[in-house]
Amino acid sequence: MKPMASVLPEPGDTEVVGSVWVTHRDGIKETDPETTEQVMVVAYGTSVKGRDLAVYAAQSLGDVHEAVTTVFHLVLIGIPLLVLITGIVTYLAAGRALRPVEAIRARVATTRDPSVRVPVPAARDEVGRLAETMNAMLARLQAGQAVQRRFVADASHELRSPLATIATGLELLSRDSARPAADRDTVTALRGEAERLGRLVDALLLLARADESGLRPRFEDVDLDEVAEAERLRPAGRIVPRIEAAHVRVVGDRGQLAQVVRNLVDNACRHARSTVVVSVRRSGGHAELDVADDGPGVPPDERARVFERFVRLDDARARADGGAGLGLAIVAEVVAAHGGTVDVVGSPMGGALFRVRLPLPPDEVAVEEEVVVPDVAESAAPASRAPRPSSLPRTAPG
């Protein structure tokens with residue numbers, strides 16, 4: 001047998017060979033795995049009777065390799081498993097800790113009523129203080145909103161009594177034929193102002209009710225063409241609107257829809273030069289109500305503002321018949337309560353075209369339209385006259 005190692009340290013020295021394959025005494029071949037073994041060899045040099053010798057001691061590395069293999073498998077399987085368990089525990093713990101925050105967010109996101117309060121967790125920590133602060137803020141908002149609503153309601157209520165008194169007195173004075181004509185003209189002017197104030201009070205009450213609890217329309221079958229045709233029967237003013245209506249049935253509140261048509265027609269008549277056209281038709285799954293005029297139109301940068309409350313453009317402030325700026329705001333509120341949309345575009349007649357789109361009931365969507373009504377832009381614009389663009393602004397009706 002050859003030596004386990006080839007190192008020969010000096011007498012008194014020690015050398016270590018980290019890895020050597022050795023053959024057992026009963027081995028046949030050094031490469032036979034059954035008779036060879038990997039060991040670590042320690043050689044110690046010595047001298048006996050003047051002859052240098054080396055003493056070898058070997059230790060098997062099988063246990064070391066087995067330990068390394070065991071640790072490798074533990075790391076390969078244990079660390080991902082540990083990371084997964086740690087992530088799940090962290091997720092659950094974080095979710096449990098943030099659950100009150102999610103409850104606060106959900107409560108605020110699902111309500112528009114400032115009287116609703118967010119839940120306050122039992123723990124007196126940062127989340128608990130956040131909930132208390134949020135409730136205090138909601139209480140301040142509720143108080144401010146209550147004051148505003150009370151003011152609008154009280155002001156409207158207080159205005160009703162003197163308006164009724166003024167209207168009654170003016171009616172009695174107008175019947176007195178003995179009064180001079182100048183006094184009768186004054187009575188007529190005052191009566192018009194009293195009617196204007198009455199419309200303003202009604203508009204304020206309707207908007208206050210919409211802010212407090214919504215308009216809550218009474219849904220019933222309404223023939224939109226009949227609502228439009230009713231505008232013919234109203235007392236004629238300077239301009240009588242032309243009605244072009246196909247039979248269209250929607251579901252909504254007849255009184256509120258009639259107010260929408262009335263406000264749009266009044267607004268169009270106030271600004272039209274000579275023509276106001278009201279058309280009703282089907283368009284896909286919606287009913288379309290168009291009110292167009294040949295007035296100065298609405299500038300494109302002001303078309304979104306005309307539906308805001310108390311918005312009157314500069315031209316309207318100089319007019320004697322300018323409204324209070326609530327009519328189109330009421331139109332927007334009523335149409336939104338019915339699930340529809342309202343917008344304003346330019347009309348080929350040279351003025352503005354207000355278009356209201358209301359959803360049709362399911363049984364009306366499948367009905368084919370029997371009468372085709374031409375679009376108001378085509379029917380109302382004279383063929384020999386091009387649209388007359390104008391930059392003059394207009395106002396929302398009162």
Side-chain angles (χ1 to χ4, degrees), residues 1-114 116-141:
M1 299 292 294
K2 67 179 183 179
M4 286 188 294
S6 60
V7 297
L8 184 62
E10 295 294 329
D13 295 339
T14 302
E15 293 188 21
V16 178
V17 180
S19 177
V20 176
W21 288 91
V22 298
T23 304
H24 292 278
R25 297 280 303 189
D26 56 351
I28 301 173
K29 295 181 180 179
E30 293 185 3
T31 57
D32 188 352
E34 298 295 333
T35 59
T36 59
E37 185 175 7
Q38 189 178 20
V39 297
M40 181 180 67
V41 177
V42 178
Y44 175 75
T46 184
S47 177
V48 178
K49 296 181 181 182
R51 183 181 179 183
D52 293 337
L53 300 176
V55 179
Y56 299 104
Q59 174 65 44
S60 174
L61 295 178
D63 294 338
V64 176
H65 292 316
E66 184 178 354
V68 171
T69 302
T70 303
V71 172
F72 174 77
H73 289 115
L74 289 177
V75 170
L76 185 63
I77 300 175
I79 288 184
L81 184 61
L82 180 62
V83 171
L84 179 62
I85 294 175
T86 304
I88 294 175
V89 172
T90 303
Y91 175 79
L92 295 177
R96 181 180 180 86
L98 295 177
R99 193 175 302 163
V101 178
E102 174 61 21
I104 295 173
R105 187 207 62 79
R107 182 67 62 85
V108 175
T110 56
T111 182
R112 297 178 58 187
D113 186 2
V116 175
R117 297 294 180 264
V118 301
V120 179
R124 312 302 298 175
D125 53 5
E126 291 80 0
V127 178
R129 291 193 293 271
L130 173 64
E132 293 176 353
T133 304
M134 183 72 71
N135 285 334
M137 183 186 68
L138 291 174
R140 291 194 297 270
L141 290 176

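In this text, all values refer to a predicted model and were calculated from it rather than measured experimentally.
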How close do [X] and [Y] get, heavy atom to heavy atom, and via which atoms?
X: A43; Y: V7; value: CB-CG2, 3.6 Å
X: P119; Y: A131; value: O-CB, 3.6 Å
X: H65; Y: Q38; value: NE2-OE1, 2.9 Å
X: V127; Y: P121; value: CG1-CG, 4.1 Å

Straight-line distance of [X] [atom1] to [Y] [atom2], nearest 0.5 Å:
X: R105; Y: T110; atom1: CZ; atom2: OG1; value: 8.5 Å
X: L84; Y: I88; atom1: CG; atom2: CD1; value: 4.0 Å
X: L74; Y: L81; atom1: CG; atom2: CG; value: 11.5 Å
X: N135; Y: L130; atom1: CG; atom2: CG; value: 9.5 Å

> Do V116 and L138 pass the side-chain contact (heavy atoms from CB on, under 4.5 Å) test, and can you show the C-alpha distance, the side-chain angles, and the key distance before you say yes or no?
Replying inline: CA-CA 8 Å; V116 175; L138 291 174; over 6 Å; no

> Any salt bridge between E132 and R129, counting N to O under 4.0 Å?
Replying inline: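 Salt bridge flag = no for R129 with E132.
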
> Is there a donor-acceptor pair under 3.5 Å between the side chain of Y56 and the backbone N or O of V41?
Replying inline: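 No, because the side chain of Y56 does not come within donor-acceptor range (under 3.5 Å) of the backbone of V41.
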
>> Atom CD of residue position E102 - does it have more than 12 heavy atoms of other residues, nucleotides or ligands inside 6.0 Å?
In response: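 Atom CD in E102 is crowded, with more than 12 foreign heavy atoms closer than 6.0 Å.
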
> Looking at side-chain heavy atoms only, is the closest gap between P9 and T14 below 4.5 Å?
Replying inline: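 No, every pair of side-chain atoms sits at 4.5 Å or beyond.
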
